[in-house]
Amino acid sequence: MSGLGGASVRFFRPCPGLESWCLRSSASISKLNSISCSGLCVLPPVCRDGCIKAVGPADVIHSRFAGATFESKIDCTGKCVLPGLVDAHTHPVWAGDRVHEFAMKLAGASYMEIHQAGGGIHFTVEHTQKATEEELFTTFKHRLERMRRAGSTLVECKSGYGLNLETELKMLRVIERARQSMDIGISSTYCGAHSVPKGKTATEATDDIINNHLPKLKELQQSGEIHVNNIDVFCEKGVFDLASTRRILQAGKDTGLQINFHGDELHPMKSAELGAELGAQAISHLEEVSDEGITAMAKAKCAAVLLPTTAYMLRLKQPQARRMLDEGVIVALGSDFNPNAYCFSMVSYP
Ligand SMILES: N=CN[C@@H](CCC(=O)O)C(=O)O
C-alpha cells in the first residue's frame with residue numbers, strides 16, 4: 001500500500017456505518033480507520049509516517065493491533081478515504097493577478113499575443129519584483145493552505161516571476177520558508193527561464209542564467225540556505241528556443257538539479273525529444289508533442305505532466321493522454337495554478 005504522499009490514488013467506496021479511530025501505540029501515534037459495510041469491516045491503520053499499515057476485516061486487524069490504544073474516534077460515515085494528491089506543476093508565488101486579461105482573452109486575444117504585448121508573465125514579473133518577501137510569503141501560504149484543503153499533500157512549486165537573480169532568489173527563499181514551516185510536501189523548482197526579461201535577448205538571458213544564477217544557486221544550496229530540486233525552462237517559440245533550452249537545462253543538470261520543464265505547449269518544438277535525450281525527470285504541457293517525442297519519452301522513462309485546466313482556459317487542444325499511456329509514458333497531472341489559470345484543486349475546476 002502506498003504512502004499518503006505517494007502518487008497513486010485509491011478510493012474506498014463510502015459505505016454506511018463507516019468509522020475510524022486514532023490509536024496511540026508505544027512507538028507512535030497512529031490512526032485506525034474502520035470501514036464497516038454490511039457486516040464486513042475494513043480497517044486501514046495509518047501510522048505517523050503516513051503509510052497505511054494494513055487493510056482487512058475488522059476482527060483480523062483488531063487482533064493484529066490488539067496492543068494498541070485508540071486516541072480518538074472519527075466518524076467517516078458517507079465519506080471516502082483517499083491518499084493525498086500530488087500536484088506536479090504550480091506557479092504559486094507571485095504578486096499581481098491578471099484578472100484584467102480575461103476580458104482580452106474573451107475578446108479573442110491568444111496567450112502569446114498578450115505576452116508579446118508586454119502583459120502575461122511580464123505583468124506578473126513587474127509586480128513580483130516590487131513585492132516584499134513577506135507579502136509573497138503571506139499570499140503563498142494562503143494558496144498552499146487552500147491546495148491542502150483541496151486534497152494536495154505534495155506540490156511542485158516554481159519560481160519564475162523574478163527573472164532577475166535577486167527576485168528569483170526571493171521567490172526560492174519564500175518556497176523554502178513554506179517547505180520548512182508548513183504541513184505539506186514541496187518540490188522546489190528554479191524557473192529563471194520562464195520568460196525573456198524585458199531589455200534582454202534570449203541569448204543574453206541564457207548567458208545570465210548560466211553564468212550568474214546557477215552558480216549562486218549552487219552556493220546557497222551548499223550552504224543549506226535553500227533547497228531546490230528541479231530546473232525549468234519555458235521552451236516555446238518566441239521565448240526560449242531549443243538551443244537555449246538545451247544549454248540552460250544541461251547547466252542545471254550539471255549543478256545537480258533534476259530537469260522538469262515546459263515543452264511543446266503552443267508550438268511543436270521537439271521539447272520531448274530534447275528532454276528524453278537529456279534525461280529529464282518530467283516535461284509539462286505537451287499539447288503539441290510529436291509522435292517521435294512520445295516514443296522517446298516512453299523509452300527514457302520521462303514523465304509527462306499534463307495540465308488539463310490550462311488547455312481548457314487557453315483553448316488549446318488537450319494533450320494526448322490516452323496515446324501516451326498506451327505507449328508506456330508515465331503520465332502525471334498538475335493544476336498549473338498561476339495568475340492566468342487560477343486553479344487550486346486537482347479534482348475540480350476553480
Ligand atoms: N506556459 C508557461 N507558464 C505557465 C503560465 C504562467 C503565466 O502565464 O503566468 C504555464 O505553465 O501555464
Side-chain angles (χ1 to χ4, degrees), residues 87-102 104-105 109-129 131 136 139-140 143 155-163 167-168 171 187 189-198 202 205 230-241 244-245 248-249 260-269 271-272 275 280 282-289 303-319 332-344 346 349-350:
D87 190 341
H89 183 129
T90 76
H91 302 258
V93 183
W94 48 266
D97 72 55
R98 309 218 296 269
V99 173
H100 60 285
E101 290 181 358
F102 278 93
M104 295 158 82
K105 281 196 218 110
S110 73
Y111 180 83
M112 259 309 162
E113 280 163 355
I114 295 171
H115 181 82
Q116 275 154 0
I121 294 175
H122 298 297
F123 179 88
T124 308
V125 166
E126 226 170 89
H127 287 76
T128 306
Q129 286 181 349
L136 291 177
T139 46
F140 176 45
R143 289 166 192 155
V155 181
E156 186 262 6
C157 299
K158 301 176 192 293
S159 67
Y161 293 117
L163 307 186
T167 316
E168 283 299 311
M171 295 181 76
S187 178
T189 300
Y190 161 72
C191 188
H194 196 196
S195 182
V196 177
K198 283 184 179 167
N230 320 293
I231 181 155
D232 195 347
V233 174
F234 187 11
C235 179
E236 183 56 62
K237 194 172 163 192
V239 190
F240 288 94
D241 65 12
S244 303
T245 303
I248 296 168
L249 293 179
N260 168 28
F261 71 111
H262 294 63
D264 295 326
E265 177 185 357
L266 306 171
H267 299 91
M269 299 289 293
S271 310
I283 306 173
S284 288
H285 286 288
L286 298 164
E287 289 84 354
E288 297 289 342
V289 70
V305 178
L306 306 185
L307 311 166
T309 313
T310 311
Y312 174 75
M313 288 197 188
L314 302 190
R315 300 182 185 135
L316 310 176
K317 65 181 181 204
Q318 287 290 346
L333 292 173
S335 67
D336 195 14
F337 173 81
N338 73 70
N340 174 68
Y342 213 81
C343 175
F344 288 111
M346 291 286 288
Y349 285 115

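What you see below is based on every heavy atom in this structure, not just the backbone, and it leaves out hydrogens, waters and symmetry mates. Start at 1 and go down the list; that is how both ligands and their atoms are numbered.
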Legend entry - Any N/O pair His91/ligand 1 closer than 3.5 Å: yes
Legend entry - Under-4.0 Å heavy-atom contact with ligand 1, by part of Glu236 that carries it: neither
Inset, instruction - Give the numbers and elements of all ligand 1 atoms closer than 4.0 Å to a heavy atom of Arg98. - result: 7 (C), 8 (O), 9 (O)
Inset, instruction - Only heavy atoms count here, so choose which of Tyr161, Phe234, Phe337 is nearest to atom 9 (O) of ligand 1. - result: Tyr161
Legend entry - Heavy atom of Thr124, distance to ligand 1 below 4.0 Å: no
Inset, instruction - Drop me the distance from Asn338's CG to Ile121's CD1, to the nearest 0.5 angstrom. - result: 8.0 Å
Inset, instruction - Determine, using heavy atoms of His194 and all atoms of ligand 1, whether some pair is separated by less than 4.0 Å. - result: yes
Legend entry - Separation of Thr189 OG1 from Glu156 CD (nearest 0.5 Å): 3.5 Å
Legend entry - Nearest neighbour in protein (non-hydrogen) for atom 10 (C) of ligand 1: Asp336 OD2, 3.2 Å
Legend entry - Check: Thr310 N/O within less than 3.5 Å of ligand 1 N/O: no
Inset, instruction - Walk me through it: do Asp264 and His285 pass the test side chain to side chain contact (heavy atoms under 4.5 Å, CB included)? - result: CA-CA 7 Å; Asp264 295 326; His285 286 288; over 6 Å; no
Legend entry - Those atoms of ligand 1 less than 4.0 Å from some heavy atom in His89: 11 (O)
